[in-house]
Amino acid sequence: MKKENPSPYWKVLPAAIALAGIIVFIFASYGPPASSSGFVTFLKGVLSPLVPDYVATKQHYAMLPGPGSWLMAFVIGMAIGGFIAGRTFSVPVCDVPQLWEKRFGKSRVKRFAATFAGGFLILFGARLAGGCTLGLFISGSTQLAISGLYFGIIIFAVSMLTARLVYGKTGKGES
Amino acid sequence: MTAILLGLFSGIAFGFVIQRVGATDANKMALAHLMREPEIPQFMLLAVTFSAIGLFGLQAVGVGRTMVLPTSIVATGLAAVIFGIGWGLSGYCPGTCWAAAGEGRMDAIFALLGGLAGAAAFAQLHEVLIPALYMPTSQGPITLGDWFGSYWLGLVVLVAALCGAVWLIGKLWGRESA
């Protein structure tokens, strides 16, 4: 059902050009953009003072820089960018997405448990592959990397299948 | 210090744009995955298209740093399956959950916490999983340029394939919100 008022979201083409401009700027000023590495960097910062011996012996922490790095600043910047964008946007945020609520009810606990589990899987997968949607698919494909394209095709296919299993036909044709 | 300021600036700009296109909204992401809204996947693929062309320009003038990750048939593929399950379930990926958390979405904060747990779990298992799954089927840092004989031709193939995919998504995906 089409609504009369125009969408508050940016149109695809100008938004893609804007993001590509940022990505090219990042390649020029830093290197391939990445966000899943920021999680490891953050953990390294938290764990280093607590269990220095453990962090020192683990390869995964050794291969990435600590919190005083571009990678950490980038994910913090993403949160700030999201904050600024959210404060200046007409659509309010909700803790439980509408479609999820139609399928599983209003329970915040259920939704938060699901996103925690989902978050665990995306980071476990991203660290195994060496990157995420940005660090492997977008950065990699921009550099023509087969790894990025291979990862990208599978993540889209599997997430589409998973979403079908999770939501079924929930809310289809209502909005 | 410059690196930190550049990272912050880049992150703020990136987070702002992905919020404005709706990629931080797990509801819109679910509708994209369910083939009911085409905008987010089209946005992602077009962003790669323009970035690849822009990077080609950068390389022509010798600016910037690139790093191609190796393709491991088993590890990259298995990782993508695990990642896809998490993405389809939560509607967040490692980048969007930071921006969505900043936006004030509580479920994204839990995705972020889950992500920290997942990264910590992988870091613990790195020494076991990388030699077992990643190294044996690693093909090295191969690119479309290697496959097609020249970087230029690889870029043309990539742009054509991505534009074809964007067109196909426009045909196959529904348009629930407009």
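Side-chain atoms are counted along with the backbone in the values below, which use heavy atoms only and exclude waters and symmetry mates. Convention: sequence-line order gives letters A, B, ...; per-chain numbering from 1. Predicted model, so just to flag it, every value in this text is computed and none were measured.
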Under the side-chain hydrogen bond (donor to acceptor under 3.5 Å, both in side chains) test, residues paired with A/Lys169 that sit two or more places apart: none
N/O donor-acceptor pair under 3.5 Å between B/Arg20 side chain and A/Ala85 backbone: yes
Centroid-centroid under 6.0 Å between A/Phe83 and B/Trp98 rings: no
Aromatic centroids of A/Phe116 and B/Phe110 separated by under 6.0 Å: no
Within-4.5 Å side-chain heavy-atom neighbours: A/Met160 and B/Leu34: no
Evaluation steps, ring-ring contact (aromatic ring centres under 6.0 Å, His included), between A/Phe156 and B/Trp87: CA-CA 9 Å; A/Phe156 270 106; B/Trp87 192 22; 5.3 Å; yes
Flag side-chain contact, heavy atom, 4.5 Å: B/Phe122 against A/Leu128: yes
Check: B/Ile4 and A/Trp70 side chains under 4.5 Å, non-hydrogen atoms: no
Residue part contacting chain B, namely of A/Leu71, when any heavy atom lies under 4.5 Å: neither
Straight-line distance of B/Arg36 CZ to A/Thr170 OG1, nearest 0.5 Å: 7.5 Å
Heavy-atom side-chain proximity of A/Val12 to B/Met44 below 4.5 angstrom: no
Interatomic spacing from CD1 in A/Ile138 to SG in B/Cys93 - rounded to 0.5 Å: 7.5 Å
Value rounded to 0.5 Å, distance of NE2 in B/His33 from CZ in A/Arg164: 11.5 Å
Steps toward side-chain contact (heavy atoms from CB on, under 4.5 Å) verdict (A/Thr88, B/Phe16): CA-CA 10 Å; A/Thr88 54; B/Phe16 189 90; 4.2 Å; yes
Under 4.5 Å from any heavy atom of chain A - which part of B/Tyr134: side chain
Heavy-atom pair count under 4.5 Å with chain B, highest-scoring of A/Pro8, A/Ala114, A/Gly86: A/Gly86
Modelled atom types, side-chain donor and acceptor of B/Tyr151 and A/Gln143, under 3.5 Å: no
Shared hydrophobic cluster, B/Leu69 / A/Ile153 (ILVMFWY, side-chain heavy atoms < 4.5 Å): no
Residue part contacting chain A, namely of B/Ile130, when any heavy atom lies under 4.5 Å: side chain
Top of B/Gly95, B/Gly115, B/Gly145 for chain A proximity - count of heavy-atom pairs under 4.5 angstrom: B/Gly115
Contact class of A/Ser37 relative to chain B, heavy atoms under 4.5 angstrom: neither
Geometric cation-pi criterion, B/Lys28 with A/Tyr9: 6.0 Å, 45°: yes
Value rounded to 0.5 Å, distance of CD1 in B/Ile12 from CD1 in A/Ile76: 10.5 Å
Contact origin within A/Val93 toward chain B - heavy atom pairs under 4.5 Å: both
Among A/Gly135, A/Ala157, A/Ala163, residue most engaged with chain B (heavy-atom pairs, under 4.5 Å): A/Ala163
Reported CD1-to-CD1 distance for the pair A/Ile155 and B/Ile82, which is rounded to 0.5 angstrom: 13.0 Å
From B/Tyr92 atom OH to A/Thr133 atom OG1, the distance as rounded to the nearest 0.5 Å: 14.0 Å
Top contributor to chain B contacts, counting heavy-atom pairs under 4.5 Å, from A/Ala145, A/Ala18, A/Gly38, A/Ala113: A/Ala145
Heavy-atom donor-acceptor pair, A/Ser147 side chain to B/Thr71 backbone, under 3.5 Å: no
Heavy-atom neighbours of A/Phe42 CZ exceed 12 at 6.0 Å: no
Contact listing (chain B partner; residues 20-35 of chain A; heavy atom under 4.5 Å): A/Ala20, A/Ile22, A/Ile23, A/Val24, A/Phe25, A/Ile26, A/Phe27, A/Ala28, A/Ser29, A/Tyr30, A/Gly31, A/Pro32, A/Ser35
Parallel, tilted or perpendicular: rings of B/His126 and A/His60 (30°, 60°): tilted
Part of B/Leu113 within contact of chain A (heavy atom distance under 4.5 Å): both
Short side-chain to backbone donor-acceptor contact, B/Glu176 and A/Lys172, under 3.5 Å: no
Validation row: A/Tyr54, B/Gln124 side chains within 4.5 angstrom (heavy atoms): yes
Winner by heavy-atom pair count (cut-off under 4.5 Å) against chain B, out of A/Cys94, A/Gly152, A/Ala129: A/Ala129
Chain B interface, residue from A/Thr162, A/Val166, A/Ile122 that has the most non-hydrogen pairs under 4.5 Å: A/Ile122
Most chain A-contacting option - heavy-atom pairs closer than 4.5 Å, from B/Val157, B/Thr96, B/Leu55: B/Leu55
Side-chain heavy atoms of A/Leu134 within contact of B/Pro94, under 4.5 Å: no
Under the side-chain hydrogen bond (donor to acceptor under 3.5 Å, both in side chains) test, residues paired with B/Ser72 that sit two or more places apart: B/Thr137
Working for side-chain contact (heavy atoms from CB on, under 4.5 Å), residues A/Ile154 and B/Phe83: CA-CA 9 Å; A/Ile154 300 176; B/Phe83 188 102; over 6 Å; no
Check: A/Gln98 main-chain N/O paired with B/Asn27 side-chain donor or acceptor under 3.5 Å: yes
Residue part contacting chain A, namely of B/Pro141, when any heavy atom lies under 4.5 Å: neither
side-chain contact (heavy atoms from CB on, under 4.5 Å) between A/Phe74 and B/Phe14, worked out: CA-CA 9 Å; A/Phe74 180 71; B/Phe14 202 102; 3.9 Å; yes
Evaluation steps, side-chain contact (heavy atoms from CB on, under 4.5 Å), between A/Trp100 and B/Ser90: CA-CA 10 Å; A/Trp100 181 277; B/Ser90 65; over 6 Å; no
Toward chain B, the part of A/Tyr167 with a non-hydrogen atom under 4.5 Å: side chain
Which residues share a side-chain hydrogen bond (donor to acceptor under 3.5 Å, both in side chains) with A/Lys58, sequence neighbours left out: B/Glu127
Option in B/Gly64, B/Ala111, B/Ala121 with maximal non-hydrogen atom pairs under 4.5 Å from chain A: B/Ala111
Max heavy-atom pair count under 4.5 Å with chain B, selected residue of A/Ala126, A/Gly82, A/Ser69: A/Gly82
Beyond-backbone contact of A/Leu123 with B/Leu116, side-chain heavy atoms, under 4.5 angstrom: no
Close side-chain approach of A/Leu13 to B/Phe50, heavy-atom, < 4.5 Å: yes
Distance-only side-chain donor-acceptor flag, B/Arg105 / A/Thr115, under 3.5 Å: no
Over 12 non-hydrogen atoms of neighbours within 6.0 angstrom of CE in B/Met135: no
